[in-house]
Amino acid sequence: MPLTTIDPTPALVVIDLQKGIVSALADTARQAADTTVERAAHLATEFRRHGLPVVLVNVTGRAPGRTDAGRSANSLAPSAGWAELVGELDVRPTDHLLTKRRRSAFHDTGLDTLLRDLGATQIVLAGISTGSGVESTARSASDHGYHVVLATDAMTDPDPEAHRHSVERVFPRLGETTTTAEVVAMLEATR
């Protein structure tokens, strides 16, 4: 579905583009991660240029419950700098930095309050992992009543099938799926 409009105050929310996660991706997912970082950085640059909110989210924890998937060895003791945002995002003083400890950027973080204080009614989502942090945040954004825009070419998942499932089956029910270029063109057309 093409992007229909950009609200007067959209916010860009970038999920988990941090050094530890991006660098941990296998060689097969590395190219997709690099493209995701590049496109998310481009979105951030354009949102800043138009004076619109940019929210950069990292993760430092996970839900304590047991799962069938278990825990990976690197999730127990992250290395120094693991949670730092990748340099390509070019963090600016006007950006809003948010640390989450669960999948969704809305869970116990104050994101909803921040967005409402900024007057945002729409969020544009990008980041890693499509089927986890991005999808959880999109579901929460929809539940909170935001217009959700998913820049699907500015997100990736270590599991290509999880990415495909989220993009094709889940996201069309939560918001509008689009591309980085379409978001940037709509920003230009409405500003």
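Note that this is a predicted model, so its numbers are computed, not measured. Computation of the quantities below employed the complete heavy-atom set of this structure, encompassing side-chain atoms and omitting hydrogens, waters and symmetry-equivalent molecules.
Transitive grouping of hydrophobic side chains (ILVMFWY, heavy atoms separated by less than 4.5 Å) keeps Phe171 and Leu3 in distinct clusters. Under a hydrophobic clustering in which Ile, Leu, Val, Met, Phe, Trp and Tyr are joined whenever their side-chain heavy atoms come within less than 4.5 Å, directly or via other members, Val37 and Met155 fall into different clusters. Under the 4.5 Å side-chain contact rule for hydrophobic residues, Ile15 and Val54 do not share a cluster. Criterion: ILVMFWY side-chain heavy atoms under 4.5 Å apart, direct or through other members. Under it, Leu114 and Val91 are not part of a common hydrophobic cluster. Cluster annotation: Leu98 is not connected to Leu89 through the hydrophobic network of ILVMFWY side chains, with a link wherever side-chain heavy atoms come within less than 4.5 Å.
Summarising the geometry of Leu43 relative to Ala126, their closest heavy-atom pair is CD1-CB, 4.4 Å, with the distance given to 0.1 Å. For the residue pair Pro158 and Leu25, the shortest heavy atom distance occurs at CG-CD2, 3.4 Å. The minimum heavy-atom distance between Ala105 and Thr137, with the atom names listed, is N-OG1, 2.9 Å. The two residues Ser142 and Val148 make their nearest non-hydrogen contact at N-CG2, 3.8 Å. Heavy atoms only, all atoms of each residue included: Leu17 and Ala40 are closest at CD1-CB, 3.5 Å.
In this structure, Phe47 and Val124 have side chains that are in contact, with non-hydrogen atoms separated by less than 4.5 Å. With contacts defined as side-chain heavy-atom distances shorter than 4.5 Å, the pair Pro53/Leu12 does not qualify. Inter-residue side-chain proximity for Arg92 and Thr94 is flagged as met; some heavy-atom pair is nearer than 4.5 Å. At least one side-chain heavy atom of Val149 sits less than 4.5 Å from a side-chain heavy atom of Val183. Using a 4.5 Å heavy-atom cutoff, the side chains of Glu84 and Asn58 are not in contact. Between Leu187 and Ile6, some side-chain heavy-atom pair lies under the 4.5 Å cut-off. Residues Thr4 and Glu176 meet the side-chain proximity criterion, which asks for heavy atoms closer than 4.5 Å. Contact of the Leu174 side chain with the Arg139 side chain is registered, since non-hydrogen atoms from C-beta on lie closer than 4.5 Å.
The residues Asp34 and Arg30 are annotated as salt-bridged, a charged nitrogen and a carboxylate oxygen being separated by less than 4.0 angstrom. Salt-bridge check for Asp108 with Lys100: failed, with every basic side-chain N at 4.0 Å or more from each acidic carboxylate O.
The CG atom of Asp16 sits 11.5 Å away from the CG atom of Leu56 when rounded to the nearest 0.5 Å. One distance of note links OG1 of Thr113 with CG of Leu118; it measures 10.5 Å at 0.5 Å rounding. For the atom pair Arg116 CZ and Thr121 OG1, the distance stands at 9.5 Å (nearest 0.5 Å). With rounding to the nearest 0.5 angstrom, the OG1 atom of Thr156 is 10.5 Å from the CZ atom of Arg39.
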Evaluate side-chain contact (heavy atoms from CB on, under 4.5 Å) for Gln18 paired with Val22, printing each intermediate quantity in order. CA-CA 6 Å; Gln18 60 195 66; Val22 171; over 6 Å; no
Between Asp153 and Thr179, does the side-chain hydrogen bond (donor to acceptor under 3.5 Å, both in side chains) criterion hold? Intermediate values first, please. CA-CA 6 Å; Asp153 66 339; Thr179 65; 4.8 Å; no
Please determine whether side-chain contact (heavy atoms from CB on, under 4.5 Å) holds for the pair Thr99 and Val57, giving the CA-CA distance in whole Å, both sets of side-chain angles, and the decisive distance to 0.1 Å. CA-CA 6 Å; Thr99 296; Val57 181; over 6 Å; no
side-chain contact (heavy atoms from CB on, under 4.5 Å) evaluation trace for Thr130 with Arg164: CA-CA 9 Å; Thr130 311; Arg164 186 198 63 72; over 6 Å; no
Please determine whether side-chain contact (heavy atoms from CB on, under 4.5 Å) holds for the pair Asp159 and His163, giving the CA-CA distance in whole Å, both sets of side-chain angles, and the decisive distance to 0.1 Å. CA-CA 6 Å; Asp159 179 348; His163 175 79; over 6 Å; no
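Checking side-chain atoms of Thr152 against main-chain N and O of Thr178 turns up a donor-acceptor pair under 3.5 Å. At distances below 3.5 Å, not a single donor-acceptor pair connects side-chain atoms of Ser136 with backbone N or O atoms of Arg103. In terms of modelled atom types and a separation under 3.5 Å, the side chain of Tyr146 and the main chain of Ala120 share no donor-acceptor contact. Under the 3.5 Å distance criterion, the side-chain polar atoms of Glu38 are left unmatched by any main-chain donor or acceptor of Glu88. Under a 3.5 Å cut-off, the side chain of Thr45 and the backbone N or O of Ala41 do form a donor-acceptor pair.
Partner of Glu135 under the side chain to side chain donor-acceptor pair (under 3.5 Å) criterion, chosen from Ser104, Ser129, Ser166, Ser140: Ser166. Screening Leu111, Leu150, Val13 for a side-chain contact (heavy atoms from CB on, under 4.5 Å) involving Ile123 leaves a single residue, Val13. For the side-chain contact (heavy atoms from CB on, under 4.5 Å) criterion with Ile128, the lone passing option out of Val134, Ile21, Val59, Asp157 is Ile21.
Between His144 and Phe106, the ring-plane angle classifies as parallel under the 30° and 60° cut-offs.
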